[in-house]
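Every heavy atom of this structure was used, including side-chain atoms; hydrogens, water molecules and symmetry mates were not. Every chain is numbered from 1, with letters handed out A, B, ... down the list of sequences. The model shown is predicted, which means the values in this text are computed figures rather than measured ones.
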Protein chains: 2
Amino acid sequence: MQYSNQKRLLVAVDCIIFGFDGSEYKLLLIQRGFAPEKEKWSLMGGFVQETESLDEAANRILNQLTGLHDIYMEQIQAFSRPDRDPIERVLAIPYVALIDIEKYQRQINDNFHAHWFPLKSLPKLIFDHQEMVDLALNKLRYKAAFHPILFELLPDKFTLPQLQAMYEGLYETKIDKRNFTRKLLSTNLLKKEKEKDKSSSKKGAYYYSLDEGHYKDNFLSIHNFMPKSEIFFESN
Amino acid sequence: MQYSNQKRLLVAVDCIIFGFDGSEYKLLLIQRGFAPEKEKWSLMGGFVQETESLDEAANRILNQLTGLHDIYMEQIQAFSRPDRDPIERVLAIPYVALIDIEKYQRQINDNFHAHWFPLKSLPKLIFDHQEMVDLALNKLRYKAAFHPILFELLPDKFTLPQLQAMYEGLYETKIDKRNFTRKLLSTNLLKKEKEKDKSSSKKGAYYYSLDEGHYKDNFLSIHNFMPKSEIFFESN
DNA sequence: CCAAAAGTGTTATACTTACACCCATGC
DNA sequence: GCATGGGTGTAAGTATAACACTTTTGG
């Protein structure tokens, strides 16, 4: 049985994959392998198959590209301009993923010609992909101000200076390290490890890890790194 | 030209229409006019047409139901379970709308048998519509804590007690009226009118209206009406 | 021994919370 | 004149923001 006289559409999922390399944010892009816009830089995407949900499609596509599973992903809003794809109408549902760049070791999948680009200097993207990235970044800025999601970008053990650099990068602002440390530690989400990371200084910085026990019970208080006026009028 | 060998899907938009009657939140529902689930309570929905975007579809559908245009609407995330509609796979994109119940005066459109139900006592809804409503409400709670959107539910002139009742209803909490007043007035979004509303007390409460001049320049500071732990782990 | 990054405390200010009485009016 | 809901201020506690010096160690 079918609903009659209604137009059916192609539905695609596009993956916006953010990484952080310790000093700047990066976006994983591929060179599109088919027409139109063949060879142009693009988000990794694919059509939703008959028996999968959007979440499943997004995970399948991310896995094809990076070989990774169980990655933090979240749906961004649908893009629906009828003419957004010149070949045929395609409804696109972008997903954001946050991954630790180290975990993605240019796996088997060189066939996609994937490349990390600094967010500050992206190449021109096909269709409305740049819009998707902008929206996703905005949403990430908004959400990270209240939710402990940026940790997804770091390895299991990380240092406070790394964490601070991540927040500073996202909000393009300087944060006083004493205030930052105090606020993050006050959440009880962090557990201090015994070892130090000496890769970026002679003295070395203590490693921390997420304290899973507290992860569910506690919460970060509000980070005011983002100007309040932006919190208010931008984003979702 | 077309992309080959790909399944195309029906895409529907469903409208989650919230109202506030001065003491409780309501949801506008219709009795579905066609099979399956004919006569059951449902969100107002419709299929996306060939030449319209999702936003356009949502506005068209809302207008069909209520006769209203230029209403605040926002996309919620896509629902994509392959079997969510028993007839045929349909991807649903819900939209939330906030409307002033007074403005919707059971227009011409009685043909849809629309009815306002208190959110607390909704009938059983078809498919996954209850899930959509829950998600939308969550998102509204979250967003209203930082953005001045609840005003959309009120007429142009409203009183502080009305406004307070709206926040109290949304967060299911009591708020001290002195603190509430101070915080809202400190935003500079409100302009005091000369007239009073005497409909709910003998003394009468002053009307306020949104000060459009300040609407863009200023911002509300954060309302802590919602427990922080919820801000943290729920919603978008 | 010195350069470079990590770590740590205090004070002033702003914001949040808790709390209670008088006011205006219609009946 | 009294019952009902509207309006208003203050003080204590908590969170934020601004600020500079000492520690460690590899070279």
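At whole-Å resolution of the value, NZ in K174(B) and P in dT16(C) are 21 Å apart. Between L185(A) atom CG and dT8(C) atom C1' the separation is 11 Å, expressed in whole Å. With rounding to whole Å, F180(A) atom CZ is found 12 Å from dA6(C) atom P. Between the NZ atom of K183(B) and the C1' atom of dA14(C) there is a distance of 13 Å, given to the nearest Å. Atom CD of Q162(A) and atom P of dG7(C) are 11 Å apart (whole Å). In this entry the distance linking CG of L163(A) with P of dG7(C) reads 12 Å, nearest Å.
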**Message:** ring-ring contact (aromatic ring centres under 6.0 Å, His included), that's the test. Do F180(A) and Y167(A) meet it? Break it down for me.
**Reply:** CA-CA 10 Å; F180(A) 181 81; Y167(A) 278 89; 5.7 Å; yes
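With respect to the salt-bridge test (charged N to carboxylate O, under 4.0 angstrom), the residues E168(B) and K177(B) do not qualify.
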Protein-proximity profile, nucleotides 22-27 of chain C, B/S/- by nucleotide at the 4.0 Å heavy-atom cutoff, equals -BBBB-
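Counting non-hydrogen atoms under 4.0 angstrom, T159(B) reaches nothing in the nucleic acid.
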For nucleotides 18-21 of chain C, tabulate all protein N/O to nucleotide N/O atom pairs closer than 3.5 Å, reporting atom names and distance.
residue, atom, partner, partner atom, Å
dA18(C), N7, N179(B), ND2, 3.1
dA18(C), N6, N179(B), OD1, 3.2
dC19(C), N4, D176(B), OD1, 3.4
dC19(C), N4, R178(B), NE, 3.2
dA20(C), N1, R178(B), NH1, 3.3

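In this structure, Y142(B) and Y142(A) have perpendicular ring planes: the angle between them is above 60°, well past the 30° mark.
The side chain to side chain contact (heavy atoms under 4.5 Å, CB included) test with D14(B) singles out one residue from L43(B), I76(B), I61(B), and that residue is L43(B).
Using a distance-only test at 3.5 Å, with no hydrogens or angles considered, no donor-acceptor pair links the side chain of T66(A) to the main chain of N63(A). Between the side chain of Y104(B) and the backbone N or O of G19(B) there is no donor-acceptor pair closer than 3.5 Å.
Contacts classified as salt bridge (charged side-chain N to carboxylate O under 4.0 Å, His left out) and involving residues 195-205 of chain B (residues at least two apart or in different chains) are given here: K157(B)-E195(B).
When side chains are defined from C-beta on, L170(A) does not count as touching F20(A), because their heavy atoms never get closer than 4.5 Å.
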